[in-house]
Structure formats: C-alpha cells, structure tokens
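Take a look at the structure set out below.
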Amino acid sequence: MLTWADLAARTLARQFPAELEPGDVAGLIDLVGPIQSQTARSVFIGSAARLPGVTRQQITDAYTSGAIVRGSTLRGTVHTSTAALHPLLEVATRLGQRTLWHRTLKLSDTTLEHVWAAIEAYAEHQWRTPAELAAHLLEWLQRNDPASAPRFAGTQGRYFAFGHGGLVRRPIRGDWTGQAAPEYRTAAAVLADTAHRTAALNAPDAAVAAMFRHQLAAAGPLSRHDLAWWSGLGLTRVDAALASLDLTTNEGPDGRVYHDLPDAPPPATLAGVHLLPEFDALFCAFDPAGRARFVDPEHYDVLWKQENGLLLAPVLLDDRLRGHWRLTGTGPRRALHVTLFPGTRDLEDDDLTGPIVALELALGITIHDVRLN
C-alpha cells in the first residue's frame with residue numbers, strides 16, 4: 001500500500017524534471033502538464049520554481065510563438081498548455097461543460113455543435129474581444145434559436161461566448177504576466193492544427209485516454225477521483241478511459257486505487273524552498289480529498305479559502321506545502337512576505353536565495369526586502 005509520502009515522492013519526480021535545456025518553457029509544460037492560469041503570473045512563477053534561470057522574456061516568447069497557449073479549457077477554467085496538447089483539452093472541455101451549456105442555454109432549434117461552430121467561425125480570421133464575441137453570439141442565437149437568446153443575455157450567459165474550449169486568448173495590451181484585458185481567436189486558426197484537432201474531436205474516447213495518459217506522466221500516480229476532478233469529466237468516462245490504458249495499480253492511504261504508468265520514474269525527494277503559484281499542480285492536480293499528498297489537513301483550509309475560491313500561493317519546503325507567500329508593492333521593486341505554518345523548521349540563511357533570484361528573472365522584478373512571519 002502506498003502512503004501519502006510515497007505518492008508525493010512519485011509526483012515530485014515528474015513535477016520537477018531534472019533534465020531540461022535552460023529556458024525550455026514548452027518542454028517544461030509538456031512534462032508537468034497544463035498549468036491552471038486564471039492568475040496570469042502563475043505560468044511565470046510555476047516555471048521559475050521548476051526551471052531556475054528562466055526569464056520573463058523566454059516565457060513570453062513561448063506564448064507569442066504559439067509553443068504554449070492559454071484558454072478556458074479544463075472545468076471551464078483558464079489553463080496554459082502546450083499547443084500539441086490543446087486539442088485534447090478542447091475535447092475534454094466540450095464533454096465536461098456540455099451539461100452546463102445545455103442547462104443554461106436550453107437550446108431547442110439548434111445544437112451546441114452549431115453554437116460552437118458559430119463562435120469559431122466568427123473568431124477564425126481575427127482576434128475578438130469578449131464584448132464582440134458576446135454581441136455576435138447573442139445576434140446568432142436571436143436568428144437561430146430565439147427562445148435561448150434571453151437566457152444568454154445575462155451575466156452568466158455571456159461567459160459562454162469566450163469560455164468555449166476551441167478558443168485561445170492573448171492580452172490586448174500589456175504583457176503576459178498581468179491580468180490585462182484579453183482577446184480571443186479560434187485555436188485551429190492560430191495553431192494551424194485543424195487536421196489533428198478534427199481527428200481528436202471525432203474520436204473523443206481516444207482523446208480523453210491520451211489526455212489522461214499525459215496527466216499520469218505529469219502528476220501520477222492518480223486515482224479515478226483525481227482525474228475526474230482535474231478534467232471535469234464524470235467517473236463513468238474516467239473509468240472507461242483508464243480501462244483502455246496499460247497501467248499499474250496500487251492501493252493508497254485513503255483506500256482508493258491509484259493508477260500509474262508502467263515506465264513511471266522512480267520516486268524523488270526535493271529539498272529546500274520552492275515558491276509556487278496559486279493553483280499549482282501540487283494542490284490542484286488532485287481531488288480535494290486527496291490533497292493530503294502535499295498538505296496537512298490542518299493547513300488545507302488556510303491555503304484554500306473555499307468561501308471565495310481563493311488560494312494562497314504555497315511554499316513548498318522539503319517535500320510538503322508548509323506555508324504561503326506574497327509580493328507587495330508596485331512596479332519593478334517588490335517586497336517578499338513568507339509565512340510558514342507552526343512547527344515548520346526555521347529557514348537557513350540561504351534557503352530563499354535561489355527562489356528569489358528565480359522570481360526576479362521570471363517576473364522581471366527586483367525583490368528589495370524579505371519578511372518572514
């Protein structure tokens with residue numbers, strides 16, 4: 001039987017890959033899986049923690065070259081992934097969000113496939129703002145399914161105009177680290193991957209299985225509940241995908257079955273401090289009941305503010321999430337505040353030296369003051 005420490009050691013071996021070329025952002029994200037990035041800086045901070053020395057410009061270049069892309073995919077939440085993986089995420093998003101779309105729009109004269117095709121056609125040749133997408137889709141529904149148009153016109157309805165998994169986004173102005181206003185375009189047009197994307201959409205079961213295999217390689221071992229939570233798909237579909245893969249299984253500390261790849265890397269330990277972003281995979285790759293892999297139960301509610309959905313940026317210290325951190329100030333000069341949970345060992349003099357340099361390079365800032373709580 002695997003313990004929580006066993007599971008953590010196996011995940012750390014994948015989430016902190018040892019052999020990558022300096023600055024290989026796309027290679028990193030291919031190995032560690034999609035990064036939840038409704039907070040835009042998460043990709044920069046997560047890369048800094050795993051690829052020390054990576055610069056803000058290198059991460060920006062990965063975006064602007066199309067090597068990595070950002071859009072609303074898994075669970076309808078913004079994620080950054082490699083371009084190659086995005087078609088599989090679109091498949092999962094269509095499947096996982098279908099019930100919500102149906103329940104909200106209550107279409108009677110058209111289908112969701114026609115709605116999604118209309119969104120993609122409108123954003124195929126140029127980038128569109130959320131307001132433009134919403135106005136277009138409302139006008140389209142008024143012509144093609146008049147009864148659904150009033151339901152779309154509300155605040156919740158307008159989300160669907162840009163929340164389609166077949167779109168990618170970029171900042172209109174400013175840089176990729178900030179919460180700048182976005183614009184959207186059809187992913188197949190941006191990435192020129194229509195054939196690959198169409199093949200995935202036409203074979204959803206195979207696409208989901210391939211996506212799960214990739215996620216097991218990135219964050220495994222994983223339970224069926226982990227994969228269901230992460231992907232937004234139901235357990236029935238998760239079970240079918242797992243049954244189609246050649247996997248090993250072990251019982252975990254919670255009595256659940258944990259699946260893994262036969263050629264998974266050996267367990268690893270990770271000493272020292274790593275400053276992780278909000279919604280990091282060490283927290284959000286797992287079903288809430290399985291997050292004891294990296295965080296003690298008494299600390300879980302400190303990090304995860306469930307009443308408002310906020311998550312504090314965690315401190316990974318010697319293989320466990322043992323605190324949280326934040327930056328204060330504006331502009332290029334910032335102060336770093338680190339709070340460790342009671343009972344955590346004292347930091348050594350140089351424990352924060354490497355993480356600070358990594359943050360400075362990835363965010364393009366200078367940290368002039370450090371405060372420990």
Side-chain angles (χ1 to χ4, degrees), residues 11 14-15 17 20-21 24-38 40 42-44 46-47 50-51 59 61-97 116 120 163-170 176 184-220 222 226-233 237-238 241-242 244-245 259 261 264 277 279-281 284-286:
T11 298
R14 305 161 212 210
Q15 280 291 303
L20 275 173
E21 293 296 321
D24 185 5
V25 178
L28 174 69
I29 295 179
D30 180 53
L31 290 176
V32 304
I35 297 175
Q36 189 167 328
S37 57
Q38 66 264 48
S42 291
V43 175
F44 291 76
S47 297
R50 293 166 168 86
L51 193 62
I59 301 168
D61 289 346
Y63 271 124
T64 57
S65 70
I68 63 174
V69 293
R70 188 170 177 230
S72 297
T73 51
L74 302 170
R75 308 184 309 280
T77 303
V78 180
H79 281 76
T80 294
S81 73
T82 61
L85 190 65
H86 190 268
L88 305 186
L89 303 188
E90 180 184 348
V91 172
T93 306
R94 287 181 178 233
L95 294 171
Q97 295 291 291
W116 291 330
E120 292 181 16
H164 171 47
L167 302 178
V168 294
R169 59 185 278 173
R170 70 179 186 184
W176 287 86
Y184 297 80
R185 196 167 165 210
T186 302
V190 173
L191 302 176
D193 65 356
T194 299
H196 174 45
R197 191 172 297 266
T198 300
L201 291 169
N202 288 339
D205 292 342
V208 169
M211 182 186 72
F212 283 165
R213 193 186 191 289
H214 189 278
Q215 182 63 5
L216 285 163
L222 298 169
D226 292 331
L227 289 166
W229 190 92
W230 172 81
S231 66
L233 298 175
R237 189 173 289 277
V238 171
L242 289 173
S244 73
L245 297 171
H259 305 265
L261 303 177
F279 309 104
D280 191 81
C284 289
F286 316 114

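The analysis underlying the following values was restricted to heavy atoms, covering all of them including side chains, and did not include hydrogens, waters or symmetry mates.
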So which of Q15, Q36, R50 actually passes side chain to side chain donor-acceptor pair (under 3.5 Å) with D280? R50

Working to the nearest 0.5 Å, report the span between [atom1] of [X] and [atom2] of [Y].
X: W230; Y: R75; atom1: CH2; atom2: CZ; value: 9.0 Å
X: S72; Y: Y184; atom1: OG; atom2: OH; value: 5.0 Å
X: L245; Y: L261; atom1: CG; atom2: CG; value: 8.0 Å
X: S37; Y: I68; atom1: OG; atom2: CD1; value: 8.5 Å
X: R14; Y: L31; atom1: CZ; atom2: CG; value: 12.0 Å
X: L51; Y: L28; atom1: CG; atom2: CG; value: 5.5 Å

Derivation of the side-chain contact (heavy atoms from CB on, under 4.5 Å) call for V25 and Y63: CA-CA 9 Å; V25 178; Y63 271 124; over 6 Å; no

Which heavy atom of [X] sits nearest a heavy atom of [Y], and at what distance?
X: A83; Y: G66; value: CB-O, 3.2 Å
X: A187; Y: D193; value: O-OD1, 4.1 Å
X: V32; Y: P17; value: CG1-CD, 3.9 Å
X: L74; Y: T93; value: N-OG1, 3.6 Å
X: V43; Y: I35; value: CG2-CG2, 4.1 Å
X: L233; Y: G96; value: CD2-N, 3.6 Å

Please tabulate, for the side chains in residues 210-220, all donor-acceptor contacts under 3.5 angstrom to protein atoms that are two or more places apart in sequence or on a different chain.
from : atom 1 : to  : atom 2 : distance (Å)
H214 : NE2    : D30 : O      : 3.0
H214 : NE2    : D30 : OD1    : 3.3

Are side-chain heavy atoms of [X] and [Y] found at a separation under 4.5 Å?
X: T73; Y: S81; answer: no
X: W176; Y: T64; answer: yes
X: R197; Y: L191; answer: yes
X: V190; Y: V69; answer: no
X: T77; Y: F279; answer: no

Given P34, which partner from the list H86, R70, H79 fulfils the side-chain contact (heavy atoms from CB on, under 4.5 Å) test?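 Considering H86, R70, H79, a side-chain contact (heavy atoms from CB on, under 4.5 Å) with P34 is found only for H79.
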
If we ignore hydrogens and angles and just use 3.5 Å, is the side chain of T198 paired with the main-chain N or O of A195 as donor and acceptor?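 No: the side chain of T198 does not pair with the backbone of A195.
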
